[in-house]
Structures are given as C-alpha cells and as structure tokens.
Amino acid sequence: MAPPAIARAQVGDLLRSPQFDAAVRARTVGDWPMAVISQQVENAIAGAGATTAAQIVTSKIKAGKFNRHQELNAERLRNVQDALDYGEVLIEPPDSYDRQGNRYTLIAYYEDDGWWRHVIEIDQRQLLLKTVFRDDRRDDVMKRKGLVIVRPWDEDRWQQRGK
C-alpha cells in the first residue's frame with residue numbers, strides 16, 4: 001500500500017474531481033475512497049479490540065441516506081479526512097447502545113454549524129463510511145457504554161487544520 005501521505009493526496013484529488021461531484025448529484029458514491037486513517041486511529045482501532053486490514057475509508061453511503069440527510073453533499077463528504085485528522089474521534093464497541101449490534105464503529109465529529117458526525121463501520125477487511133449528518137445528539141453519544149475517546153474535540157486544533 002502507498003504511504004499514507006501519498007494515499008491522502010490521491011484521495012483528495014479524487015474528491016475534488018468533477019466525477020465525484022457528478023457521483024454525489026447522482027447519489028452513487030458507493031465505493032469511492034473518502035479518507036485515509038492515521039497511525040493514531042489505526043492503533044486505537046486495534047487497542048479497542050477491533051480488527052481491520054484497511055487504511056482507506058471507502059464510501060458505502062446508500063442513495064436513501066441523501067434523502068434522510070438533506071445536507072449531505074460533496075463539500076460535507078470532502079470533510080471526512082479533516083474530521084478524522086483534526087476532529088474528535090471515537091470508537092463505539094459492540095453493544096454500546098441498543099442498535100449498535102455486534103460491530104465496532106469509528107465516529108469522527110467536527111463542529112461547524114452544529115456537530116457533524118461521520119459514521120465509519122469497522123470491518124475486518126474494510127472501513128466503510130455509512131453516513132455524514134448534522135448531529136444534535138452528541139451529548140447522548142458521549143454517554144454510551146464502553147465508548148473509546150481516541151482524540152477529544154479541540155476547537156483550536158480544528159481551526160488550525162490548514163484550510
């Protein structure tokens with residue numbers, strides 16, 4: 001696999017392409033690469049007890065999510081890498097709440113015009129971006145049992161991300 005810096009640049013180029021904009025408009029973003037996890041996140045996934053062979057987060061957003069989350073657009077999807085690198089990062093273990101089931105989930109938050117949650121399912125072979133949405137229930141998420149805080153929210157870190 002390519003070193004993360006190279007992979008990040010390649011993913012970033014793809015997400016800034018007209019083809020990506022067209023895929024978002026057509027609601028066909030499944031299988032697009034969205035971000036590359038850092039060594040810190042990779043270590044946290046393993047430390048939480050999850051297993052994955054992936055470093056690249058791939059979209060698995062179904063067309064119906066665009067109907068459910070009207071603000072889901074290309075610009076919001078382009079923020080996945082920043083959310084993982086500069087935002088708050090959490091790992092939900094299996095059964096941390098009623099609908100969690102038997103899977104680990106990586107959550108990356110950032111605050112802009114409210115909290116934005118990026119939900120990434122951790123699979124043995126893949127990291128699957130399931131949705132991005134404005135989340136007014138962040139305080140409830142922070143109370144879930146067994147939640148692993150990989151990196152807490154820091155407004156200064158987010159503001160200094162180089163944008």
Side-chain angles (χ1 to χ4, degrees), residues 1 4 7-8 11-12 15 29-62 64-73 75-163:
M1 166 159 257
R8 276 194 177 98
V11 169
L15 297 179
V29 294
D31 297 328
W32 275 80
M34 300 305 301
V36 179
I37 61 169
S38 67
Q39 188 66 51
Q40 177 191 26
V41 173
E42 189 175 344
N43 292 344
I45 289 170
T51 304
T52 188
Q55 289 182 308
I56 296 177
V57 176
T58 304
S59 174
K60 282 298 176 199
I61 299 175
K62 296 178 181 174
K65 289 292 184 182
F66 289 90
N67 294 333
R68 186 170 177 194
H69 304 299
Q70 296 291 319
E71 296 168 309
L72 181 57
N73 59 37
E75 285 307 310
R76 291 289 175 200
L77 290 171
R78 288 183 182 107
N79 284 334
V80 175
Q81 187 70 62
D82 278 353
L84 285 168
D85 289 347
Y86 301 102
E88 179 171 59
V89 179
L90 314 167
I91 298 174
E92 284 184 318
D95 302 318
S96 65
Y97 74 106
D98 291 345
R99 296 181 302 169
Q100 176 68 6
N102 191 25
R103 67 180 186 277
Y104 286 88
T105 304
L106 184 64
I107 296 175
Y109 274 113
Y110 71 87
E111 188 175 23
D112 183 10
D113 50 349
W115 287 104
W116 286 87
R117 185 191 321 186
H118 303 73
V119 180
I120 301 166
E121 187 175 313
I122 302 170
D123 181 89
Q124 288 183 336
R125 297 171 299 135
Q126 307 171 87
L127 294 168
L128 306 169
L129 178 69
K130 302 301 258 186
T131 192
V132 176
F133 60 96
R134 186 191 309 260
D135 187 9
D136 58 359
R137 298 173 307 169
R138 179 178 167 271
D139 290 341
D140 294 335
V141 170
M142 298 305 288
K143 296 175 188 171
R144 291 183 178 166
K145 65 180 181 183
L147 188 70
V148 176
I149 299 174
V150 177
R151 185 178 55 238
W153 175 249
D154 182 320
E155 181 67 28
D156 290 336
R157 181 182 60 238
W158 180 256
Q159 294 303 322
Q160 296 177 22
R161 68 188 188 283
K163 292 257 172 191

Identify the heavy atoms of [X] and [Y] that sit nearest to each other, and give their distance.
X	Y	value
Arg157	Gly87	NH2-O, 3.2 Å
Ala83	Val89	O-CG2, 4.0 Å
Val141	Leu90	CG1-CD1, 4.3 Å
Val57	Leu84	CG2-CD1, 4.1 Å
Val148	Ala48	CG2-CB, 4.1 Å
Ala54	Ile37	O-CD1, 3.9 Å

Atom [atom1] of [X] and atom [atom2] of [Y]: how far apart are they, to the nearest 0.5 Å?
X	Y	atom1	atom2	answer
Arg144	Ile107	CZ	CD1	6.0 Å
Ile91	Leu147	CD1	CG	9.0 Å
Ile122	Ile45	CD1	CD1	4.0 Å
Arg68	Phe133	CZ	CZ	7.5 Å
Lys130	Lys62	NZ	NZ	5.5 Å
Ile120	Leu128	CD1	CG	9.5 Å

Taking side chain as C-beta onward, heavy atoms only, is [X] less than 4.5 Å from [Y]?
X	Y	value
Arg137	Arg117	yes
Glu88	Arg138	yes
Arg76	Asp112	yes
Leu77	Leu72	yes
Ile149	Met142	yes
Met34	Val11	no
Arg8	Asp85	yes
Tyr86	Arg151	no

State whether the side chain of [X] and the backbone N or O of [Y] hold a donor-acceptor pair below 3.5 Å, judged by distance alone.
X	Y	result
Tyr110	Asp82	no
Thr52	Asp123	yes
Arg125	Ala53	no

Practice item. Take atom CD of Glu155 as the centre, draw a 6.0 Å sphere, and report whether it contains more than 12 heavy atoms from other residues, nucleotides or ligands. Key: yes
Point to revise | Test item: side-chain donor near acceptor, Glu75 and Asn79, under 3.5 Å | key: no
**Study point:** Distance-only donor-acceptor check, side chains Tyr109 and Asp135, under 3.5 Å
**Key:** yes
Exercise for review: Might you work through the side chain to side chain contact (heavy atoms under 4.5 Å, CB included) test for Ile61 and Trp32, ending with a clear yes or no?
Suggested key: CA-CA 10 Å; Ile61 299 175; Trp32 275 80; over 6 Å; no
**Study point:** Ion pair check, Glu121 and Lys60, cut-off under 4.0 Å
**Key:** no
Exercise for review: Fit a plane to each ring of Trp115 and Trp153, take the angle between them on a 0 to 90° scale, and name the class: parallel (under 30°), tilted (30 to 60°) or perpendicular (over 60°).
Suggested key: perpendicular
